[in-house]
Amino acid sequence: MMLIPCPFCGPRTESEFAYGGPVRPPRPDPATTAEADWVGWLTEVPNPLGPVEERWCHLRGCGSWLTLWRDTRTHAIVGGPQDAE
Amino acid sequence: MQRYSLLSLLRHGLNRHTTWAPAWRSPPLRERYDVIVIGAGGHGLATAYYLTKEHGITDIAVLESGWLGGGNIARNTVTIRSNYMRDASIPFYVKSVALYEQMTRELNFNTMHSRRGMIDVIQTWGMMRDRRRRQHIMDLHGSTYEQITTAELRRRIPALTGGGAEARLPILGGFIHPEAAVNRHDAVAWAYARAIDAMGGEIHQQTPVTQLMRGPDGRIAGVVTPRGVIRAPKVAVAVSGHTTTLTETAGLRLPLRTMNLTAFVSEPVQPLIDVIVNCPDAGFYLSQSDKGELVIGGAPDPGQSFRRDIKQTVFEDTVSAMLSLFPAFKGLKMLRQWGGHLDIAHDASPIQDETDVPGLFVTAGWWGGYKAIPAGGLTLAHLVATGRPHPLMAPFSIKRFRHLDYVMESGTTTAR
């Protein structure tokens, strides 16, 4: 069971949250992007053995959206690369 | 290959079973093969089998990181069926079910195939329309769905006592898919391994591939393992959830995400349910094994996952869904749980193709790939041997993403 840190309610149990999908890079302009890169942005997400960045929504709570890094091997919520600085 | 028969059982029995030959060898690992298949799971073994049987290629090494039959072929719910949605999918799964039905005879190994049918319990009109639509498409391609009334549904599944008029979602009716079957997953792995070995192929357990090697011309050159470098002009990746982990070592990106799909079994009870029961609206499915255990599955974990155990939230959701239709199961004790990490493509259909790295083949995205094992091996062997996709697999090339020509599949998971 994960305890997810809601920005409004504090740490709450995972069953109150809905998964919102992986975080993608900003949407490129399809008119000026090479076709392979555009299809890549549409269909590919990072699939590492390790931390992924993803969105969660506190659906059965306050309704806030949040972004977190989660380790795909353990489901532990971990610090993201930008937090290491 | 020593054939298994009543006579051989008698003969070896008289010798107190001390004279059986090993079912497959453990030959020394060589430095070069014609074809390397990564992963001795169902798809890898089936591919090696058909490479020899259909195309006469015998210089094959199947490399397995763990032990034979210890991956996802042991981490599923052995449901064999062909009730899919898309014109591209159904003929492939019809072929796979047919190959499963002849497997015991073909491989001289009892896979305990039990064609018992699957019944969908329908509780919403949206799902009813979905099943009717599937019924019409399946009629075109030689697979069967038949609608049955709620009374007939309850006659066939006496343990189904929930979902009455007072329930939140009363049962509206059912659909039966008579071709659905279960069998013995270990037997499938062992039968293929024995047949491959008898025809000259090699299976190397405890040989994890850590990296794919490309030659100076960009072609695949071989693989790196802790037991040394092994070279081959053709390498097929059949490793389920770890597909992207491996292909990234060759600089490839694939539209795959790895998910954890879990199941659990109850204590053994008396024969109670003789069909596979699928409840897409409630969100679970179950069947009873020959040992009497109820094998129960539900939804995948939210988000990507390489964990191989069940989450408490998923377990609770599945159990409460099951109790809404089978309240008598409240007293059942659960014995084991497990998860398998499997990859799902962007459009939930499989990917089987030669990649941008010449000579490197992938078979991936087999969400619920157990039912696809024989046909998936048949088609991949065809592709590896001839360089052309098998007609049954042609719609599932990796190039479909380049044209945004998705095969959106809704029949992939059982409980949906």
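Reminder, nothing fancy here: chain letters follow the sequence lines and each chain counts from 1.
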Working to the nearest 0.5 angstrom, can you tell me the gap between [X] [atom1] and [Y] [atom2]?
X	Y	atom1	atom2	value
Asn47(A)	Thr245(B)	CG	OG1	6.5 Å
His75(A)	Asn260(B)	NE2	CG	6.0 Å
Arg70(A)	Ser305(B)	CZ	OG	6.0 Å
Glu35(A)	His403(B)	CD	NE2	8.5 Å

(message) If I measure from the heavy atoms of chain B, does Thr74(A) come under 4.5 Å with its side chain, its backbone, both, or neither?
(response)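 Thr74(A) touches chain B through backbone heavy atoms alone.
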(request) Show your working on side chain to side chain contact (heavy atoms under 4.5 Å, CB included) between Phe306(B) and Asp71(A) and close with a plain yes or no. (result) CA-CA 9 Å; Phe306(B) 285 90; Asp71(A) 193 311; over 6 Å; no
(message) Tell me which of these, His242(B), His341(B), Glu248(B), Glu316(B), has more heavy-atom pairs under 4.5 Å with chain A than the rest.
(response)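 Heavy-atom pair counts peak at His242(B).
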(request) Side chain from CB out, backbone as N, CA, C, O: work out which of these in Arg257(B) comes under 4.5 Å of a heavy atom of chain A, or both, or neither. (result)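 Answer is both: backbone and side chain atoms of Arg257(B) are under 4.5 Å from chain A.
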(request) Give, as side chain, backbone, both or neither, the part of Asp343(B) having an atom under 4.5 angstrom from any heavy atom of chain A. (result)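 For Asp343(B), there is no contact with chain A at all, as no heavy atom is under 4.5 Å.
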Closest heavy-atom pair and its distance - [X], [Y]:
X	Y	answer
Gln304(B)	Thr72(A)	O-CG2, 3.9 Å
Pro302(B)	Tyr19(A)	CB-CB, 3.6 Å
Thr313(B)	Ser15(A)	CG2-CB, 3.8 Å
His346(B)	Leu42(A)	CE1-O, 3.3 Å

(request) Check whether more than 12 heavy atoms from other residues, nucleotides or ligands sit under 6.0 Å from atom NZ of Lys333(B), and answer yes or no. (result)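 Atom NZ in Lys333(B) is not packed in, count stays at 12 or less.
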(message) Taking atom CH2 as the centre, does Trp67(B) end up with more than 12 heavy-atom neighbours from other residues, nucleotides or ligands that are less than 6.0 angstrom away?
(response)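 Not buried by this count: 12 neighbours or fewer within 6.0 Å.
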(message) Can you confirm whether Lys311(B) sits close enough to Met2(A) that some side-chain heavy atom of one is under 4.5 Å from a side-chain heavy atom of the other?
(response)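 Yes - at least one pair of side-chain heavy atoms lies under 4.5 Å apart.
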